[in-house]
There are 2 protein chains.
Amino acid sequence: MANLRDVARRAGVDPSTASRVLRGDPTQQVRPETRERILSAARELAYRPNALARGLRTRRTDTIGLIIPSLDNLGFADVTHGIQAEAAAAGRLVMVVDAGAAAAPGGDPEGVAAAAYERLIGDGRLDGLIVAFATLDDRQVARLAAQGVPLVLVNRRTIGVHGSVVVDDARGIGLAVEHLAGLGHRRIGLVGLDADTDTARRRVKGYRTAMAAAGLPVEERWSAADEPTVEGGRRAADRLLAGPRRNRPTGLVVASLMSAVGVLAALRDAGIRVPEQLSVVAFNDHPFADHTAPPLTTVRMPNRRMGEEAVRMLVAALQGAPVGDVVVPEPPELVTRRSTAPPPG
Amino acid sequence: MANLRDVARRAGVDPSTASRVLRGDPTQQVRPETRERILSAARELAYRPNALARGLRTRRTDTIGLIIPSLDNLGFADVTHGIQAEAAAAGRLVMVVDAGAAAAPGGDPEGVAAAAYERLIGDGRLDGLIVAFATLDDRQVARLAAQGVPLVLVNRRTIGVHGSVVVDDARGIGLAVEHLAGLGHRRIGLVGLDADTDTARRRVKGYRTAMAAAGLPVEERWSAADEPTVEGGRRAADRLLAGPRRNRPTGLVVASLMSAVGVLAALRDAGIRVPEQLSVVAFNDHPFADHTAPPLTTVRMPNRRMGEEAVRMLVAALQGAPVGDVVVPEPPELVTRRSTAPPPG
DNA sequence: CTGAAAGCGCTTACAG
DNA sequence: CTGAAAGCGCTTACAG
């Protein structure tokens with residue numbers, strides 16, 4: 001593969017001149033004919049600058065890292081799409097670390113994420129990092145940030161760490177509560193997230209606020225597993241069903257799409273009809289919600305925007321702009337499908 | 001951030017000596033006390049070798065690229081898992097190019113894939129490439145291979161390109177046909193893949209072979225869209241429903257999981273009950289098949305193994321081993337759920 | 001057992 | 001307008 005010296009030789013110039021032309025250096029004046037010679041030499045040799053050499057010299061790799069607990073979380077798919085698209089638009093490569101997939105069977109995704117960080121960041125391969133790990137321990141996030149690596153949090157915040165993009169979780173949960181209340185439900189439960197993170201807390205808070213605003217009593221809260229998974233949702237629903245039958249909620253807001261699918265499955269197994277006996281709304285949308293049994297009513301959060309915004313913020317930060325803590329302004333939207341109806345009786 | 005010189009200085013040795021110790025160079029003898037000094041200097045300084053410098057020097061980056069049409073194809077999720085897990089186990093980073101996500105809205109994923117290839121490979125950031133792009137044009141694949149980049153194809157083959165891992169597609173489709181035939185179906189249709197690729201062809205061939213073996217007539221084949229998507233499946237089913245009512249198949253084998261979901265949706269919209277009036281089997285499995293309406297009977301292909309195998313082959317190739325064209329030996333498995341039953345009447 | 005030198009392929013002041 | 005030099009941080013023959 002041809003390198004810069006080859007191009008320069010063929011064009012009869014010094015490598016430094018070739019470099020200036022090929023990089024489009026705006027401060028340098030180069031005679032048009034020289035530039036032409038260099039350009040065609042490069043073309044003829046199919047020259048591609050070596051990213052390693054360039055990165056070593058410039059300390060920029062035009063690559064950003066994305067640390068994510070699992071690519072399998074459908075509620076989060078749009079975030080990834082937004083990140084990928086915006087990165088491509090900004091000419092950045094993205095290196096994805098799917099902690100769940102990379103962890104050994106039965107292994108520890110957080111450990112993997114941490115190790116991946118160590119490797120990627122310490123390595124010098126990355127200009128910066130997007131951390132989309134809502135369940136990652138705050139201290140771990142703080143440690144990453146402390147290393148001085150440009151870092152943007154997505155879908156979470158941590159005290160002390162600046163640079164984050166979130167959606168209005170409270171408003172989203174609120175929409176779900178309002179929807180159920182509007183249908184006439186009075187006993188509305190929340191299947192939340194166990195993790196003690198800002199994101200989980202904001203969803204719970206949104207639930208409380210909306211319930212209060214609707215003049216409804218805050219029902220006992222059944223928490224899903226630490227991870228927003230189908231299994232977590234299933235267990236949460238099983239716990240709910242094992243409880244006393246009276247005063248059981250007639251409507252459930254589930255704080256993650258994956259858990260909602262598990263809730264649906266548990267209810268089906270228990271012979272409880274949705275929505276006739278119990279209504280279910282999921283936080284976060286995905287095309288698959290059209291195809292569950294029954295199709296799930298969801299709150300669509302502006303997740304794609306969240307992903308795009310995170311890339312924009314990181315790229316800006318790499319260029320010296322101050323990072324902020326933004327809430328994506330695009331409002332959540334209720335997507336009404338078949339899993340919600342007026343309460344029984 | 002500390003570099004090798006810092007470590008060497010602190011340990012009172014030459015950088016070359018520090019390098020030998022830190023890399024665990026087995027050919028070199030180093031006095032235990034020297035090695036200890038170096039090791040603790042590195043520890044104290046939290047030294048991390050710069051991957052760019054090392055890669056520039058050694059021409060190895062321990063990173064492999066993965067080009068994939070879309071991370072959203074649930075039928076393919078296990079392939080990605082296998083790749084990620086095996087790469088992590090082999091100490092390799094993986095750079096994923098999700099062509100669908102990176103393409104501009106309405107843009108051309110194949111173009112994106114090609115451009116990404118150009119950039120990544122020409123760049124020197126990658127040691128090799130896994131191409132999991134069943135619909136990518138054969139010529140494009142051939143061109144990639146011709147560049148001399150170590151490359152392994154996953155889930156596809158191309159004449160002239162050596163190094164591939166596939167599953168036994170024909171056997172998988174055969175299992176589906178046998179399942180339906182065993183239930184008593186005689187008119188079994190195939191919703192195939194449009195793409196003119198080896199993979200699509202092997203699935204069609206599996207269908208013909210299995211039908212012949214069961215003594216059944218080969219039904220007209222309704223092709224799905226080029227891409228294995230929900231929409232493609234929906235359109236294919238609509239086309240089927242628009243045809244003459246008599247001789248309509250009572251059982252359908254759908255050559256991709258995503259299309260099968262679309263088929264289910266179209267049938268539901270048309271008021272056709274599954275499985276009472278029409279049975280559906282999907283090629284490829286995913287936990288979500290438990291949650292569709294109705295839950296989908298599928299053929300589980302050894303996709304995870306396929307992904308793992310691809311990484312192993314690529315890593316071996318990078319160490320000089322010859323590449324082969326392997327079919328994953330693990331047999332496909334029928335996962336019986338609710339979308340199949342004996343034919344009506 | 002360890003050091004000094006060269007070089008991977010770039011970019012960027014510095015000259016002229 | 002263009003060239004020569006230095007250096008990014010490593011590794012690896014080559015000496016001794």
Side-chain angles (χ1 to χ4, degrees), chain A residues 1-39 41-42 45-63 93 119-127, chain B residues 1-39 41-42 45-63 93 119-127:
Chain A
M1 212 159 260
N3 62 22
L4 189 62
R5 224 182 44 202
D6 299 328
V7 173
R9 188 151 38 201
R10 176 177 260 255
V13 299
D14 186 85
S16 58
T17 304
S19 173
R20 280 178 211 118
V21 168
L22 262 11
R23 296 188 34 256
D25 186 334
T27 72
Q28 296 289 338
Q29 320 273 35
V30 178
R31 223 185 332 158
E33 40 196 287
T34 310
R35 121 178 275 102
E36 251 335 304
R37 280 212 314 282
I38 293 169
L39 257 19
L45 296 172
Y47 170 70
R48 308 241 67 215
N50 181 296
L52 267 32
R54 174 179 283 179
L56 182 58
R57 182 62 231 253
T58 61
R59 325 225 122 247
R60 297 194 49 226
T61 60
D62 288 339
T63 305
L93 259 15
R119 174 148 182 208
L120 287 171
I121 285 300
D123 252 8
R125 296 180 204 250
L126 257 37
D127 292 338
Chain B
M1 213 160 260
N3 63 23
L4 189 61
R5 223 181 45 200
D6 299 328
V7 173
R9 187 151 38 201
R10 176 178 262 257
V13 298
D14 186 87
S16 59
T17 305
S19 173
R20 281 178 211 117
V21 167
L22 262 12
R23 297 190 33 257
D25 187 334
T27 72
Q28 296 288 338
Q29 320 272 37
V30 178
R31 223 179 337 152
E33 40 196 284
T34 311
R35 121 179 276 100
E36 252 335 304
R37 280 212 315 284
I38 293 169
L39 257 19
L45 296 172
Y47 170 69
R48 308 241 69 217
N50 181 296
L52 267 31
R54 174 179 283 179
L56 181 59
R57 181 63 230 251
T58 62
R59 324 226 122 244
R60 296 192 51 225
T61 60
D62 289 339
T63 305
L93 258 17
R119 173 147 183 209
L120 288 171
I121 286 300
D123 252 6
R125 296 182 203 249
L126 257 36
D127 292 336

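Note on naming: letters A, B, ... go to the chains in the order of the sequence lines (proteins, then strands), and numbering restarts at 1 for each one. Predicted model only: the values in this text are computed from it and were never measured.
Qualifying salt bridge (Lys or Arg N to Asp or Glu O under 4.0 Å) partners for A/R31, counting only residues two or more places apart in sequence or in other chains: A/E33. For A/R9, the salt bridge (Lys or Arg N to Asp or Glu O under 4.0 Å) partners at least two apart in sequence or on another chain are A/D6. Take B/R10 and apply the salt bridge (Lys or Arg N to Asp or Glu O under 4.0 Å) test, not counting sequence neighbours, and it matches B/E44. Not counting sequence neighbours, A/R48 has no partner by the salt bridge (Lys or Arg N to Asp or Glu O under 4.0 Å) test.
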Please assess A/T63 against B/R125 for the test side-chain hydrogen bond (donor to acceptor under 3.5 Å, both in side chains), listing each intermediate value before the final yes or no.
CA-CA 11 Å; A/T63 305; B/R125 296 182 203 249; 2.8 Å; yes
Under 3.5 Å between N/O atoms: give me all the protein pairs with nucleotides 12-16 of chain C, atom names plus distance.
unit_1, atom_1, unit_2, atom_2, d
C/dT12, OP2, A/R23, NH1, 3.3
C/dT12, O4', A/R57, NH2, 3.3
C/dA13, N6, A/R20, NH2, 3.0

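DNA chain C is contacted by both B/R35 and B/R59; B/R35 maps to the nucleotide lying nearer its 5′ end (nearest heavy atom per residue). For B/G12 and A/L56, each mapped to the nucleotide of DNA chain C holding its nearest heavy atom, the one lying further toward the 5' end belongs to B/G12.
Here the side chains of A/N50 and A/N3 are not in contact, with every heavy-atom distance at 4.5 Å or above. Residues A/T17 and A/I38 are in side-chain contact: their nearest non-hydrogen atoms beyond the backbone lie under 4.5 Å apart.
Stems are defined here as 3 or more consecutive Watson-Crick or G-U wobble pairs with pairing distances under 3.5 Å; those involving DNA chain C are C:1-3 with D:14-16, C:5-12 with D:5-12, C:14-16 with D:1-3.
Out of C/dC1, D/dC8, C/dC10, the shortest distance to the side chain of B/T34 is found at C/dC1. Side-chain proximity of A/L4 to C/dC10, D/dC8, D/dT2: nearest is C/dC10.
Here C/dC8 presents its P atom at 6 Å from CZ of A/R5, a figure rounded to the nearest Å. Across the protein-nucleic acid pair, B/L22 atom CG and D/dG9 atom C1' stand 13 Å apart, rounded to whole Å.
Here the CG-CG distance, from B/L39 to B/L22, works out to 6.5 Å after rounding to the nearest 0.5 Å.
Across all strands, B/R48 comes closer than 4.0 Å only to sugar-phosphate atoms, never to a base (heavy-atom distances).
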